[in-house]
Amino acid sequence: RWRKEIWEVIFRKIKSSQAANSGWKAIGQGLRVDSPDTLRLNQALSPMDTDPAACIKNVKRLVVKVGTAVVTRHDGRLAVGRLGALCEQLKELNSQGYEVVLVTSGAVGLGRQRLRYRKLVNSSLADLQNPQVELDGKACAAVGQNSLMALYDTLFSQLDVTSSQHLVTDSDFRNDSFREQLSETVKSLLALKVIPVFNENDAVSTRRTPYEDSSGIFWDNDSLAGLLAMEVKADLLVLLSDVEGLYSGPPSDPNSKLIHTYIKEKHQAEITFGDKSRLGRGGMTAKVDAAVCAASSGIPVVITSGYATDNIIKLLQGKPVGTLFHKDAHLWTSVNEVDAREMAVAARECSRRLQAMSSEDRRKLLLDVADALEANESLIMAENEADVAAAKADGYEKALISRLALKPGKASLCLAKSIRVLADMEEPISRIAKRTELADGLILEKTSCPLGVLLIVFESRPDALVQIASLAIRTGNGLLLKGGKEARRSNAILHKIITSAIPDSVGDKLIGLVASREDIPDLLK
């Protein structure tokens, strides 16, 4: 319903030529614009790369799940510093009016560490020489839960925040009355600004073993967090891990890349998961399963690092943090999105077809680009004004904002005029720069030819994109562009308008727009 209302506003503004900034902040939507060339703009922009605030701007109630790897150190002891930073963030959100539910892991790992110590203290030298039996997981959970909740209570009390403890089991959720009462209790606590702290009660769980049995309604604290988010009708679920988010492979692999937006159709078959959590039950695999389940029910989910002291605050401020899961993610970006090498190869192949065109055909192509820019000036200005507004909100210097801003009429007058002047200039390809007669009948000529594929990294000046693209087309070169992140909306719309004017005989992949700085090392290779 929200998306439909946004689109109605957008199309009304297009028809009245009064496109406003707010209309173009609807994330993940393609734009269809009628122009002389029936230009179709269907490029989708990732919300974490464009306007993440649009995904979470209406968040009121959120569920935060903190994993065992965040709660404990490598030696099994509590990571008091990380827990303190987490509680400070939740206190800040609580004071700002957010309703926060916390789901915590770590009881089993903490209990195991304490019982091992107690067993060591009470053991004789002879006992220590015998094979050591693994401690019972349920006993570890019973001991660890007490210590974990005592620490949460102490930390929250120091921050003048009241918390409550809730131990649940899988069998509890089979009872409809329990689920209804749970929702009512949580609602009452949140109204009183109390932070409910949930954990699975492994000590009395009917599972065969808390680490191997994945049956039931929920099977670990990640899936419990997803279930609670749906039960209490949360607006956002945050899963805190020991890494920045979901990677394309094991985070320790230098070739792995952070995935900003998870698209099931694209990433499910591509991702290679590493080992499970060093202490917890399922690691990243369990988090992804829980995130996909919650997102499919309409709850946005973000997996991010719990080691950072302010990631939750940054997330709610609209900054790109971690990996986003959303039910409409497949609409935001192409499932067949190419990698850096494929983009470069495609640009090379298109450039060779461009070089095969006659000088007059390349001239006509530039004139078509100029016409397309003029026909879509309202779109260009709307996206550019959104970039300028975002830059001002982020506190950028006036000099950068001045370079970023396009003056009304600049797209249709200055830029288009410059392109037409370029189109009428002398043919730059196959010009003879030098001719030498080496012998009778043997003449050596030095002629100009395209370089092939250009990779241009430039600052946040949208007009530079138009100038560079025009020069590349005129000289028969393929082009890969990486502009400043402050101009991402302007660059995206200009790139789409220009490539839409390129005929199919050449291919719109002649000019590639590099979305992330992470792609630059791959392109340089």
With Glu360, which residues qualify under side-chain hydrogen bond (donor to acceptor under 3.5 Å, both in side chains), at least two apart?
-> Arg363
Note: Gly306 and Leu240 closest approach over all heavy atoms is CA-CB, 4.0 Å
So CG of Leu86 and CD1 of Ile312: to nearest 0.5 Å the spacing works out to 5.5 Å
Flag the pair Asp387 and Arg489 as a salt bridge only when some basic side-chain nitrogen lies within less than 4.0 angstrom of an acidic carboxylate oxygen.
-> yes
With sequence neighbours left out, write down each residue that passes side-chain hydrogen bond (donor to acceptor under 3.5 Å, both in side chains) with Lys364, or none if nothing qualifies.
-> Asp368
Point-to-point distance, once rounded to the nearest 0.5 Å, from CD1 of Ile468 to CD1 of Ile456 = 5.5 Å
What's the shortest heavy-atom distance between Asn384 and Pro462, and which atoms?
-> ND2-CG, 3.7 Å
Tightest non-hydrogen contact, residues Pro300 and Leu236, listed as O-CD1, 3.4 Å
Is Lys287 salt-bridged to Asp222, cutoff N-O under 4.0 Å?
-> yes
Which atom of Leu404 lies closest to which atom of Ala391, heavy atoms considered = CD2-CB, 3.8 Å
Check: Lys509 and Met343 side chains under 4.5 Å, non-hydrogen atoms | no
Within a radius of less than 6.0 Å around CG of Asp504, do more than 12 heavy atoms belonging to other residues, nucleotides or ligands occur?
-> no
Listed by chain and number, what are the side-chain contact (heavy atoms from CB on, under 4.5 Å) partners of Gln355, not counting sequence neighbours?
-> Ser351, Pro450
Not counting sequence neighbours, list each pair that qualifies as a salt bridge (Lys or Arg N to Asp or Glu O under 4.0 Å) and has a residue in residues 469-481.
-> Glu427-Arg474
So do Val64 and Leu90 actually touch side chain to side chain, heavy atoms under 4.5 Å?
-> yes
Listed by chain and number, what are the side-chain contact (heavy atoms from CB on, under 4.5 Å) partners of Val453, not counting sequence neighbours?
-> Ala347, Arg348, Leu480
N/O donor-acceptor pairs under 3.5 Å from side chains in residues 392-399, not counting sequence neighbours:
none

Identify the two heavy atoms, one from Ala492 and one from Leu513, that lie closest to each other, and give their separation to 0.1 Å.
-> CA-CD2, 3.8 Å
Is the backbone N or O of Leu62 less than 3.5 Å from a side-chain atom of Asp235, with the two atoms forming a donor-acceptor pair by type?
-> no
Are any non-hydrogen side-chain atoms of Arg488 and Ser460 less than 4.5 angstrom apart?
-> no
Heavy-atom check, side chain of Met230 versus side chain of Ile299, under 4.5 Å = yes
Taking side chain as C-beta onward, heavy atoms only, is Ile511 less than 4.5 Å from Ile498?
-> yes
Could you note down all residue pairs passing side chain to side chain donor-acceptor pair (under 3.5 Å) where residues 430-439 supplies at least one of them, sequence neighbours left out?
-> Arg435-Glu445
Steps toward side-chain contact (heavy atoms from CB on, under 4.5 Å) verdict (Val66, Leu102) = CA-CA 8 Å; Val66 56; Leu102 177 63; 4.1 Å; yes
Trace of the side-chain contact (heavy atoms from CB on, under 4.5 Å) decision for Glu486 with Val388 = CA-CA 8 Å; Glu486 299 82 11; Val388 171; over 6 Å; no
Would you confirm whether Asn376, through its side chain, and Ala372, through its main-chain N or O, come within 3.5 Å as a donor-acceptor pair?
-> yes
Between Arg420 and Asp371, is the closest basic N to carboxylate O distance under 4.0 Å?
-> yes
Hey, are the side chains of Leu316 and Leu93 touching, using non-hydrogen atoms and a 4.5 Å cut-off?
-> yes
Could you grab the distance from atom NZ of Lys407 to atom CE of Met381, nearest 0.5 Å is fine?
-> 11.0 Å
Taken in chain and number order and not counting sequence neighbours, the residues that satisfy side-chain hydrogen bond (donor to acceptor under 3.5 Å, both in side chains) with Asp508 are none
Any donor and acceptor pair, going by atom type alone, linking the side chain of Thr323 with main-chain N or O of Ile259 inside 3.5 Å?
-> yes
Of all heavy-atom pairs between Leu237 and Ala229, which one has the smallest distance, and what is that distance?
-> CB-CB, 4.4 Å
State which residues pass side-chain contact (heavy atoms from CB on, under 4.5 Å) with Thr475; sequence neighbours excluded, sorted by chain then number.
-> Pro428, Asn477
Spacing of CG belonging to Asp361 relative to OG belonging to Ser505, to within rounding of 0.5 Å | 8.0 Å
What distance do Tyr262 atom OH and His326 atom NE2 have between them, rounded to the nearest 0.5 Å?
-> 15.5 Å
Taking only residues two or more places apart in sequence, or in another chain, which ones meet Arg353 in a side-chain contact (heavy atoms from CB on, under 4.5 Å)?
-> Glu349, Cys350
Sidechain-backbone polar pair: Thr72 side chain, Ala69 backbone, donor-acceptor under 3.5 Å = no
Under the side-chain contact (heavy atoms from CB on, under 4.5 Å) rule, what do Leu365 and Leu354 come out as? Steps first, then yes or no, please.
-> CA-CA 10 Å; Leu365 172 53; Leu354 177 67; 4.0 Å; yes
Is Arg82 close enough and on-axis enough to Tyr307, meaning under 6.0 Å and within 45°, for cation-pi?
-> yes
Atom OG1 of Thr304 and atom CD of Glu244: how far apart are they, to the nearest 0.5 Å?
-> 5.5 Å
Is the closest side-chain heavy-atom distance between Asp463 and Leu415 below 4.5 Å?
-> yes
Compare all side-chain heavy atoms of Leu479 with those of Leu481 and state whether any distance is below 4.5 angstrom.
-> yes
Please assess Leu373 against Glu377 for the test side-chain contact (heavy atoms from CB on, under 4.5 Å), listing each intermediate value before the final yes or no.
-> CA-CA 6 Å; Leu373 290 172; Glu377 181 184 4; over 6 Å; no
Would a distance-only check, ignoring hydrogens and angles, find a side-chain to backbone donor-acceptor pair under 3.5 Å from Glu459 to Gly483?
-> no
Residues which pass side-chain hydrogen bond (donor to acceptor under 3.5 Å, both in side chains) with Ser105, listed by chain and number, not counting sequence neighbours | Lys65, Asn221
